[in-house]
Amino acid sequence: MSRKILQALSLAVLYLSVVGCSEPAERHEAEPHKVKVTSPVAKDVVVTEQYVCQIHSRRHIDIRALEGGYLEEIPISEGQVVKQGELMFRVNPTLYKARLDSELAEAQLAQIELNNSQALYEKNMVSDQDVAIAKAKLAKVEAEVELTRAELNFANIKAPFDGIVDRFYEQQGSLVDDGDMLTTLSDNAVMWVYFNVHENRYFEYQDAAAAGENDDLQIELMLANHEIFPHPGKINVIEAEFDSETGNIAFRADFDNPEYLLRHGQTGKILIHRKLKDAIVIPQRATFEILAKRYAYVVDENDVVHQREIEIEQEQDDVFVISEGLEPEDKIVFEGIQQVRDGEKVEYEFEEPDEVLSHLKNKAE
């Protein structure tokens, strides 16, 4: 390397040394970061839980042919609302009709034989035992007539309750057998909506029920088009056993359905609104995530920040409802959170929590 180059390098090193020494010593000292701090708020909060649900009719049954024969008449239409006792299908069971005619004739013959026996008994020409036998024969034939008449009445299929008729599986004129499916009937006046609840939430619900706190629950049904069903629901049934694979148990909420908007087999979401008293609320921006866990920076009495793990119970707009980790008297960093590190000292400006939450609410609106 040439002498000129070595001299140039030496001068450069000397210059840097002089410049470095001329800087004020205080520049090397870490200056405290300036952040904004607030406190958690303890307030009553309404939280909403969502559950995917299945909607069922209160009664949903198959309508089947009770006797075989030709489907003679269908006085209703698909999708029609029918009343209890209204005729839905009429089957022409020629075999039972012929049997009824035959048994009616036998009943007339048995009646004649009884009349003759009674007349002869009055003339002392037959015993009372002969009259009793004639009465028994008539009673037997009359019972057979009633049985055949009942079987014949099965040909007239009537609605067992008020409901909505589904599609027809057989058409007028079809030859049907005993037990053939004709249609289904749904009682949609009240709908049963089933949804699965995890075991932890089940115990919370039971504890609240024992304390009489479930009366404040508001149950709503969100339909597939994201609209809210206009009538509120009520939890009336909890099934008897848990699903061992999922750890869930089925709840049932009942909804009045006077306009018949809900139909059997629909899906939706159950929304359960419940009030948490004195819940701890903080801005979402005051938290950060590490390996799927949530943390907040808490400022101690010496203005030093400490990382603290928190448990989030509910998320609402721009705030979190905290179940563990923070108290109302704590001070947490909510602006400048990316500039600080655990154990650092900070300079901060404190803002009242109500003002912070109000600002976030106005910004969201």
So, for Ser39 and Phe350, which heavy atoms are closest and what is the spacing to 0.1 Å? OG-CE1, 3.5 Å
Please round to the nearest 0.5 Å and tell me the distance separating atom CD1 of Ile76 and atom CZ of Phe168. 4.5 Å
So, the side chain of Gln172 versus the backbone of Glu72: is there a donor-acceptor pair under 3.5 Å, distance only? yes
Decide whether Trp192 and Ile55 are clustered together by the hydrophobic rule: side chain heavy atoms of Ile, Leu, Val, Met, Phe, Trp, Tyr closer than 4.5 Å, transitively. no
Within the 4.5 Å heavy-atom criterion, are Val356 and Val41 side-chain neighbours or not? no
Return the minimal non-hydrogen interatomic distance between Pro40 and Glu327, and the atom names on each side. CG-O, 3.3 Å
Salt bridge (charged side-chain N to carboxylate O under 4.0 Å, His left out) partners of residues 164-191, not counting sequence neighbours, each pair once: Arg58-Asp187, Arg59-Asp187
Validation row: Thr183, Phe89 side chains within 4.5 angstrom (heavy atoms): yes
Pairs touching residues 241-252 that satisfy side-chain hydrogen bond (donor to acceptor under 3.5 Å, both in side chains), sequence neighbours left out: Arg252-Asp254
Does any non-hydrogen side-chain atom of Asn302 lie less than 4.5 Å from one of Lys345? no
Check for me whether the distance between the ring centres of Phe242 and Tyr202 falls short of 6.0 Å. yes
Treating Arg308 as the side-chain partner and Gly325 as the backbone partner, does any N or O pair qualify as donor plus acceptor under 3.5 Å? yes
Test your reading of the model: is there a side-chain donor-acceptor pair from Gln339 to the backbone of Gly336, 3.5 Å cut-off? no
Determine, using the 4.5 Å side-chain heavy-atom cutoff (strictly less than), whether Phe255 and Ile238 are members of one ILVMFWY cluster. yes
Intermediate values then yes/no, side chain to side chain contact (heavy atoms under 4.5 Å, CB included), Ile332 and Thr38: CA-CA 6 Å; Ile332 58 173; Thr38 189; 4.1 Å; yes
Looking at side-chain heavy atoms only, is the closest gap between Glu347 and Asp303 below 4.5 Å? no
If hydrophobic clusters are built from ILVMFWY residues whose side chains come within less than 4.5 Å, do Leu221 and Val197 share one? yes
With under 30° as parallel and over 60° as perpendicular, where do the rings of His56 and His264 fit, or are they tilted in between? perpendicular
Using 0.5 Å steps for rounding, measure from the CG atom of Leu182 to the CD atom of Gln171. 10.5 Å
Enumerate the side-chain hydrogen bond (donor to acceptor under 3.5 Å, both in side chains) contacts for residues 125-140, please, sequence neighbours excluded, ordered by first and then second residue. Glu113-Lys137, Ser127-Asp130
Is there a side-chain contact between Val141 and Leu109 (heavy atoms, below 4.5 Å)? no
Flag yes if more than 12 heavy atoms outside Glu329 fall under 6.0 Å of its CD atom; otherwise flag no. yes
Can a donor-acceptor pair be found, under 3.5 Å and without considering hydrogens, that links the side chain of Glu309 to the backbone of Glu324? no
Side chain proximity check, Pro283 to Asp318, heavy atoms < 4.5 angstrom: no
Heavy-atom closest pair (Gln84 atom, Asp162 atom, distance to 0.1 Å) is N-OD1, 2.6 Å
Separation between CD1 of Ile74 and CZ of Arg90, rounded to the nearest 0.5 Å: 12.0 Å
Interatomic spacing from CE in Met222 to CD in Glu227 - rounded to 0.5 Å: 10.5 Å
Return the minimal non-hydrogen interatomic distance between Pro160 and Ile63, and the atom names on each side. CD-CD1, 4.3 Å
Candidate pair Val190 and Asn257, rule side chain to side chain contact (heavy atoms under 4.5 Å, CB included), full reasoning: CA-CA 5 Å; Val190 176; Asn257 188 33; over 6 Å; no
Same cluster for Ile337 and Val305 if Ile/Leu/Val/Met/Phe/Trp/Tyr side chains link at under 4.5 Å? yes
Go through Val47 and Glu313 one step at a time and tell me if the side chain to side chain contact (heavy atoms under 4.5 Å, CB included) criterion holds. CA-CA 9 Å; Val47 298; Glu313 182 171 355; 5.8 Å; no
Val333 side chain reached by Val299 side chain, heavy atoms, under 4.5 Å: yes
Residue pair Tyr51 / Asn196: nearest heavy atoms and the distance that separates them: CD2-O, 3.3 Å
OH-CD distance between Tyr295 and Glu289, expressed to the nearest 0.5 angstrom: 10.0 Å
Identify, with sequence neighbours excluded, every residue that meets salt bridge (Lys or Arg N to Asp or Glu O under 4.0 Å) alongside Glu239. none
Do any side-chain atoms of residues 268-275 form donor-acceptor pairs under 3.5 angstrom with protein atoms, and if so which ones, sequence neighbours left out?
unit_1, atom_1, unit_2, atom_2, d
His273, ND1, Thr48, OG1, 2.7
His273, NE2, Glu220, OE1, 2.8
Arg274, NE, Glu49, OE2, 2.5
Arg274, NH2, Glu49, OE2, 3.0

What closest approach, in Å, do Lys43 and Val281 show between heavy atoms, and which atom pair accounts for it? CG-CG2, 4.0 Å
Same cluster for Ile322 and Ile290 if Ile/Leu/Val/Met/Phe/Trp/Tyr side chains link at under 4.5 Å? no
Stepwise side-chain hydrogen bond (donor to acceptor under 3.5 Å, both in side chains) check, Asn200 with Glu204: CA-CA 6 Å; Asn200 292 338; Glu204 292 177 3; over 6 Å; no
Could you go step by step and tell me if Phe288 and Gln307 meet the side chain to side chain contact (heavy atoms under 4.5 Å, CB included) rule? CA-CA 10 Å; Phe288 58 96; Gln307 178 178 303; 3.8 Å; yes
Interatomic distance, CD1@Ile310 vs NZ@Lys293, rounded to 0.5 Å, equals 13.0 Å
Checking one residue: Val81. Which other hydrophobic residues are in its cluster under the side-chain 4.5 Å linking rule? Ile164, Tyr260
Strictly below 4.0 Å, N to O, side chains only: are Glu349 and Lys34 in salt-bridge contact? no
